[in-house]
Protein chains: 2
Amino acid sequence: MKPTGPKQRLPDRKSKVTVREVALVAQVSESTVSRIMRNSSLVADETRDRVMEAARALGYVPNRIAGSLASLDPFLVGVVIPSLSNIVFPEVLQGIQAGLARSDLQAVISTTDYDMAREEAAVRGILAWKPAAILLAGFDHTVATRRMLDQSGIRVVEMMDIDSSPIDVAVGTSHRGAGLMTGRHLIAKGYRRFGYVGHDWAADRRARLRYDGLCAALAEAGLSLCAHAICEGASSVGAGRALTAQIRTEAPQVEVAVYSNDDMAVGGVFHALAQGLRLPEDFAIFGFNGLDIGRELPQPLSTLRTNRFLIGQRAIEAILDQPERPATPAVIDTGFEIFPGATA
Amino acid sequence: MKPTGPKQRLPDRKSKVTVREVALVAQVSESTVSRIMRNSSLVADETRDRVMEAARALGYVPNRIAGSLASLDPFLVGVVIPSLSNIVFPEVLQGIQAGLARSDLQAVISTTDYDMAREEAAVRGILAWKPAAILLAGFDHTVATRRMLDQSGIRVVEMMDIDSSPIDVAVGTSHRGAGLMTGRHLIAKGYRRFGYVGHDWAADRRARLRYDGLCAALAEAGLSLCAHAICEGASSVGAGRALTAQIRTEAPQVEVAVYSNDDMAVGGVFHALAQGLRLPEDFAIFGFNGLDIGRELPQPLSTLRTNRFLIGQRAIEAILDQPERPATPAVIDTGFEIFPGATA
DNA sequence: CTGTTAGCGCATTCAG
DNA sequence: CTGAATGCGCTAACAG
């Protein structure tokens, strides 16, 4: 009982099947296949079925490289972030992926290791794909990067921070404001002797902004920091733990330490735990970010919560809502809030 | 003193500058520009300089969409991972970015939320870009995904796990082996009453493999688990903490609990800390992954370390070393090791 | 509703 | 060493 109809052989591995093959099998023109693949209406159902069947049988996958070239429509969005080891960036990426889910855009992602020259290379490489938009972290870029971004005419989102003037649109929160709020909150709680435990500012300008805000708050109250402990390199639980030990030795009078972020602060809590210090009576700790881990500590970490997921999501929404670059730069503030916790 | 030569106006924002414009300005043919932009040798230095200058002045950015179409060379590599909220995946991405740094490939990244249908869509979307390779997590794919992957003929790397037969190449470690090693190690240390604290297996098959390995090790010694505590949904410090409280109540005889991963285990440590339990005398805790956080706990977490960064890096190296899919599937074992710690 | 005709911007033969 | 021609695979007007 062998069927007599034309047997459709499965395509060889790697044999490229294009609109042409599909059109031949379905007995229609290439344009018709193209229309159908792009859900263009105005196609007879019967034709559509025939074409879809042929496409399925052949395992046809439309070539977006060709499609994008022909239509000049963008199908990619570039993302350039400093790193993935700081948990906040994966969180931003989650928001980006969530925002992208309802569109047909895909993300090309590069990391720079906080190196502006690498950022420049990444931006150049991504612009070559004619993306719908490019998302970056922060406002520090080389002049060449800035020039490329500007000339590209595409939408540019500077994420995380809103303390400078954006090229196009900035999405994030005010880190100086966060520092200020931290200081005022702790002063209101009665603290007077402040310490600061931080990591390298060269790489992390936003940590510097928060520090500045904190100092401003102290100055308002006629106070100033009693002690500093700053490590080289990136923030980490280990560094926070070590620096806390150091500051406790060098400046035992400090009542409360403000940390550059929650990773560092968790290190501080671990030091306190290991030493049997009572928090916040013997020593108070205040972080920044509102990481999940902080909430699950034996005593929840006092910190200032920001929403990194929202930053990524809003960034995508902004470019989806308005694909053309507007005449004047905009700022989208994703805010922050004090999380009282129990360590300060 | 106005120069008389032809003034080169800076291009308008968005005015597309192509090889054509550069060729016109530099007084050469488009082919010559193309050669130079691609570092092809066989070009006179003088010509090269003239062209480069023109390109720079015009702010020319080669269009990779067109380039890729014309040359049929791939410039992208696709990455499809379940999520970014589990820290291990950003770590894998770090390795991927590191591996990519020395190549001219860029990564298109999609997340699936552990949904095989979304994985299928992501794979389809990425294959449309004709990537050099596609990197996935695990071995569970829809038949359609498998078919596309197979027919694409490109390199396919299945990451994380090496407990099944790969389509092309698998890079990761044996999770069943890890579970086995965990059980044997703890039995050798004298533990006899085991509990298990885990998260949802439906989403995380590797957790299941580790569990199976653990049970096998217990069976070898004529033992079996005294207690289970499993939560719905993803792993988290909070869940680990809550389930630890539960298992301590329901099965107080348990000497040691094996956790599905370090996030859960850290939650267990926090519970112990909050309850004033002595680790490991009153209760012992063993994790999986070897996250940084575990090492900085007041008592370092006993766990089994894997190297996620290495998985990503090796995956990229594999495809760079051998761009053609080999005849027979391969396995790259990135290994694991016991980290003794102090909690078990 | 469907087919035909032109490119998209570049890389790649080939000639010179 | 350089230029002219051809086409990558697809979409976008146009006709019909």
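Naming convention: chains lettered A, B, ... in sequence-line order (proteins, then strands); numbering from 1 in each chain.
Atoms CG (A:Leu127) and C1' (C:dG9) sit 16 Å apart, rounded to a whole Å. One interatomic measurement links the two molecules: NZ of B:Lys130 to P of D:dC8, which rounds to 14 Å at whole-angstrom precision. The CZ atom of A:Arg20 sits 14 Å away from the C1' atom of C:dG3 (whole-angstrom rounding). Summarising the geometry, the separation between CD on B:Glu46 and P on D:dT2 is reported as 8 Å, rounded to the nearest angstrom. Atom CH2 of B:Trp129 is separated from atom P of D:dC10 by 13 Å (rounded to the nearest Å). Whole-Å rounding puts the A:Asp49 CG to C:dC1 P distance at 13 Å. Atoms CD1 (A:Ile65) and C1' (C:dC8) sit 14 Å apart, rounded to a whole Å. We find that CG of A:Asp45 is positioned 10 Å from P of C:dT2, with the value rounded to whole Å.
A donor and an acceptor atom, one from each side chain of A:Ser34 and A:Ser31, are nowhere located under 3.5 Å apart.
A:Leu69 comes within 4.0 angstrom of a nucleotide base, judged by non-hydrogen atoms across all strands.
Nearest to the side chain of A:Thr47, among D:dG3, C:dT2, D:dG9, sits C:dT2.
For the pair B:Thr18 and C:dG9, the criterion of a side-chain N or O lying under 4.0 Å from OP1 or OP2 is not met. At least one side-chain nitrogen or oxygen of B:Thr32 sits closer than 4.0 Å to the OP1 or OP2 atom of D:dG3.
For the residue pair B:Ala128 and A:Pro62, the shortest heavy atom distance occurs at CB-O, 3.2 Å.
With respect to A:Arg56 and A:Glu53, a salt bridge is recorded, a charged nitrogen being found less than 4.0 Å from a carboxylate O. In this structure, B:Arg325 pairs ionically with B:Asp150, as a charged nitrogen and a carboxylate oxygen lie closer than 4.0 Å.
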Anything under 3.5 Å between a protein N or O and an N or O of nucleotides 11-13 of chain D, put it in a table, one pair a line.
from   : atom 1 : to      : atom 2 : distance (Å)
D:dT11 : OP2    : A:Ser34 : OG     : 2.4
D:dA12 : OP2    : A:Arg38 : NH1    : 3.4
D:dA12 : N6     : A:Ser31 : OG     : 3.4

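A:Thr334 places a side-chain N or O within donor-acceptor distance of the main-chain N or O of A:Gly172, the cut-off being under 3.5 Å.
Counted within 6.0 Å of CZ on B:Arg64, heavy atoms from surrounding residues, nucleotides or ligands total more than 12; the atom is thus considered enclosed.
You'll find the side chain of A:Ile154 reaches within 4.5 Å of the side chain of A:Leu127, heavy atoms only.
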